[in-house]
Amino acid sequence: MDVFRIEGPVQLSGSVALSGSKNASLPMMAAMILAPGESSLAGVPRLSDIAVLSELLEQLGCRVDRSANGDLRVDSTTVDNPVGDYEIVRKMRASICILGPLLARCGRVEVSMPGGCAIGDRPINLHLRGLQALGARIRVENGYIVAETPKGLTGKEIFLGGSFGSTVLGTANVLMAATLAKGRTVIESAACEPEIADLANCLNKMGAKISGIGSPRLIIEGVKVLRPAQYRVIPDRIEAGTFMAAAAITKSELKLRNCRLDDMMAVVDKLRSIGATVERDADGCVVARSGAIKPADITTQPYPGFPTDLQAQFIALLSLADGNSVVIEKVFPDRFMHVAELNRMAANLLKEGPAVIVAGVKKLMAAPVMASDLRASAALVLAGLAAEGTTTVNRVYHIDRGYERIEEKLNPLGAKITRESV
Ligand code: EPZ
């Protein structure tokens, strides 16, 4: 198992290129099931989550590999085993995004229920409600979802909002299934995340007829077949936000290349209110902080609100603010595994239900800490960059799920992170 040893405090400088979006790549890889033949996706990051979904697609009968230039190729000519195995799905809940495309392609699918994880329950009731509206008959057997469409899928008007608002992968599943349904489907309260817009654009390139892309109302005119396509995924806005927080917490200036600032206005707004500057430039942006970190209140919400995937990183940043901040988590109210670990680094955080009161401290102190989930781990790395001493982050496999060798991106900027196998 790998650990990170992080020396701090450091200052960073220079420029870093963002990788392709993990959360755009995963549903897009599943979408390849809809179009028999070989498709290729450019910009798909080399992450363990991508490897897990590749393994699952191969279990379904697909062939998945990388071309010489690094594009991810999915050959879905054969899909003869529509079963999402528990051993894989339990490793990565996003595997549930094979449900919709498999149902549309094969008419019958078995996928293990995802189960919970460190950031909370991961219910799929909205996914199932949406697919049932399209005509699927769904039951649970031995922990597996069994979905069948004896008469095929038929378009319907569907309200997909839940008690926490829209669902990203629920929208992806229903959207992908609807592309091959008979007639028109309207998804109301669809997720507006850029990753869903990117999926819809990719599906349209495959011959789907989707309109309202980027809005909470998606309209899909079903088609008979989709064709394989070549597509480039958008940059990872969560990786971008993580590096922006790295610049701010280390009082540095960083240039982010390949950054789509328009996808990040809520994050940019918070950075500016905290006292950082964010300036557009030719192919991305420059983020800098020189003065004190001002306190700020953050509430996470579905897009275009502040992303829950950056909540942990910004709590780490606000831990060093000149004053008190309040961070409220409205998407995954239990997503606070990082709070206890940051307090071990001398942060002063008080969790009250779905909120954390962040009393700013003058400095963080290095300590051995435990990564628990992808974004909490990133928060611990950021804290280690600013803390005095050498921080050890255990279980960095969590980080490798969503960041391409993060230490190889941060060290050239001035970080001092060593990866050790223990
Ligand atoms: C996606 O997860 C992302 N994962 C998550 O990123 C991200 O945190 C999340 O969206 C919210 O933005 C991928 O895209 C692979 P949801 P998803 O369905 O789709 C509730 C990361 O760090 N809900 O939008 O699973 C749910 O409990 C990961 O990269 C239901 O109640 O999230 C949550 O409270 C972590 N019923 C809220 O909706 C359902 O059927 C939003 O969840 C589905 C969801």
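Between Glu195 and Lys22 no salt bridge is recorded (no basic side-chain N to carboxylate O distance below 4.0 Å). Note on Glu141 versus Arg139: salt bridge recorded, some NZ/NE/NH1/NH2 to OD/OE distance being below 4.0 Å. Here Arg405 pairs with Glu407 in a salt bridge; the nearest charged N to carboxylate O distance falls below 4.0 Å. Here Glu148 pairs with Arg108 in a salt bridge; the nearest charged N to carboxylate O distance falls below 4.0 Å. With respect to the salt-bridge test (charged N to carboxylate O, under 4.0 angstrom), the residues Arg401 and Asp49 qualify. No salt bridge links Arg46 with Asp400; every basic N to acidic carboxylate O contact stays at or beyond 4.0 Å. Classification of Arg335 and Asp309 as a salt-bridged pair holds, one side-chain N sitting under 4.0 Å from a carboxylate O. A salt bridge between Asp281 and Lys255 is present, with a side-chain N of the basic residue lying under 4.0 Å from a carboxylate O of the acidic one.
Atom NZ of Lys416 has 12 or fewer heavy atoms from other residues, nucleotides or ligands within 6.0 Å. Atom NZ of Lys205 sits in a crowded spot, with more than 12 heavy atoms from other residues, nucleotides or ligands closer than 6.0 Å. Heavy atoms from other residues, nucleotides or ligands lying under 6.0 Å from NZ of Lys182 number more than 12. Counting non-hydrogen atoms of other residues, nucleotides and ligands closer than 6.0 Å to CZ of Arg137 gives a total of 12 or fewer.
Side chain of Lys409 to backbone of Ala17: a donor-acceptor contact under 3.5 angstrom is found. Between the Asp283 side chain and the Arg257 main chain, no donor and acceptor come within less than 3.5 Å of each other. Proximity of a side-chain donor or acceptor of Asp236 to a complementary backbone N or O of Ser19 within less than 3.5 Å is not detected. A donor-acceptor distance shorter than 3.5 angstrom exists from the side chain of Glu193 to the backbone of Tyr303, with no hydrogens or angles considered. At least one donor-acceptor pair under 3.5 Å links the side chain of Asn394 to the backbone N or O of Val369. With Tyr86 contributing its side chain and Pro114 its backbone, the two residues share no donor-acceptor pair below 3.5 Å. Of the possible polar contacts, none joining the Glu420 side chain to the Val3 backbone as a donor-acceptor pair under 3.5 Å is found. Thr171 places no side-chain N or O within 3.5 Å of a backbone atom of Leu169 that could act as its donor or acceptor partner. Between the side chain of Asp198 and the backbone N or O of Val233 there is no donor-acceptor pair closer than 3.5 Å. Proximity of a side-chain donor or acceptor of Ser39 to a complementary backbone N or O of Ala229 within less than 3.5 Å is detected.
Looking at every heavy atom in both residues, Gly384 comes nearest to Met345 through N-CE, 3.8 Å. The two residues Cys97 and Leu26 have their closest heavy-atom pair at SG-O, 3.9 Å. Scanning all heavy atoms of the two residues, the minimum distance from Gly155 to Leu134 falls at CA-CD2, 4.1 Å. Taking each heavy atom of Ala378 and Thr242 in turn, the nearest pair found is CB-CG2, 4.1 Å. The shortest non-hydrogen separation linking Ala177 to Gly100 is CB-O, 3.8 Å. In this structure, Ile33 and Leu57 approach most closely via the heavy-atom pair CD1-CD2, 3.8 Å.
Rounding to the nearest 0.5 angstrom, the gap separating the CD1 atom in Ile357 from the CG atom in Asn348 is 10.0 Å. Distance check, rounded to the nearest 0.5 Å: SG of Cys202 to CG of Leu41 gives 6.0 Å. Rounding to the nearest 0.5 Å gives a distance of 8.5 Å between OG of Ser40 and CG of Leu72. In this structure, Leu413 CG and Ser15 OG are separated by 7.5 Å, a value rounded to the nearest 0.5 Å. In this structure, CZ in Arg184 is found 12.5 Å from NZ in Lys209, a value given to the nearest 0.5 Å. If you take CG on Leu310 and CD on Gln313, they are separated by 5.0 Å, rounding to the nearest 0.5 Å.
Not less than 6.0 angstrom separates the ring centroid of Phe332 from the ring centroid of Phe164.
Between Pro45 and Ser25 the shortest side-chain heavy-atom distance falls below 4.5 Å. Leu34 places a side-chain heavy atom less than 4.5 Å from the side chain of Met176. Residues Asp297 and Val327 have side chains not in contact (no heavy-atom distance under 4.5 Å, counting atoms from C-beta outward). Between Ile138 and Val146 the shortest side-chain heavy-atom distance does not fall below 4.5 Å. In this structure, the side chains of Asp85 and Tyr144 come closer than 4.5 Å at one or more pairs of heavy atoms. With contacts defined as side-chain heavy-atom distances shorter than 4.5 Å, the pair Val44/Asp71 does not qualify. Counting heavy atoms from C-beta outward, Arg217 and Ile187 have side chains that stay 4.5 Å or more apart. Leu18 is listed as a side-chain neighbour of Phe243, based on a closest heavy-atom distance under 4.5 Å.
Remark: of the listed residues Val140, Leu99, Asn173, Leu99 is the sole one forming a side-chain contact (heavy atoms from CB on, under 4.5 Å) with Leu128. When each of Thr300, Ile315, Asp334 is tested with Glu329 by the rule side-chain contact (heavy atoms from CB on, under 4.5 Å), just one qualifies, namely Thr300.
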Checklist entry - Going through the checks in order, is the side chain to side chain donor-acceptor pair (under 3.5 Å) test met by Arg5 and Thr390? => result CA-CA 6 Å; Arg5 309 269 190 226; Thr390 302; over 6 Å; no

Item to check | Intermediate values then yes/no, side-chain contact (heavy atoms from CB on, under 4.5 Å), Met28 and Tyr231 | outcome: CA-CA 9 Å; Met28 229 176 268; Tyr231 193 80; 3.5 Å; yes

Item to check | side-chain contact (heavy atoms from CB on, under 4.5 Å) between Glu253 and Val287, worked out | outcome: CA-CA 6 Å; Glu253 175 172 304; Val287 182; over 6 Å; no

Item to check | Stepwise salt bridge (charged side-chain N to carboxylate O under 4.0 Å, His left out) test for Arg280 and Asp262 | outcome: CA-CA 10 Å; Arg280 284 176 195 276; Asp262 290 346; 2.6 Å; yes

Next on the checklist: Working note: Leu380 + Phe4, criterion side-chain contact (heavy atoms from CB on, under 4.5 Å); need CA distance, chi angles, decisive distance, verdict.
Outcome noted: CA-CA 10 Å; Leu380 298 176; Phe4 277 163; over 6 Å; no

Next on the checklist: Let's go through Ile96 and Val111 carefully: what are the C-alpha distance in whole Å and the side-chain angles of both, what is the deciding distance for side-chain contact (heavy atoms from CB on, under 4.5 Å) to 0.1 Å, and is it a yes or a no?
Outcome noted: CA-CA 7 Å; Ile96 196 68; Val111 180; 3.9 Å; yes

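Judged purely by distance below 3.5 Å, without hydrogens or angles, the side chains of His338 and Gln311 pair a donor atom with an acceptor atom.
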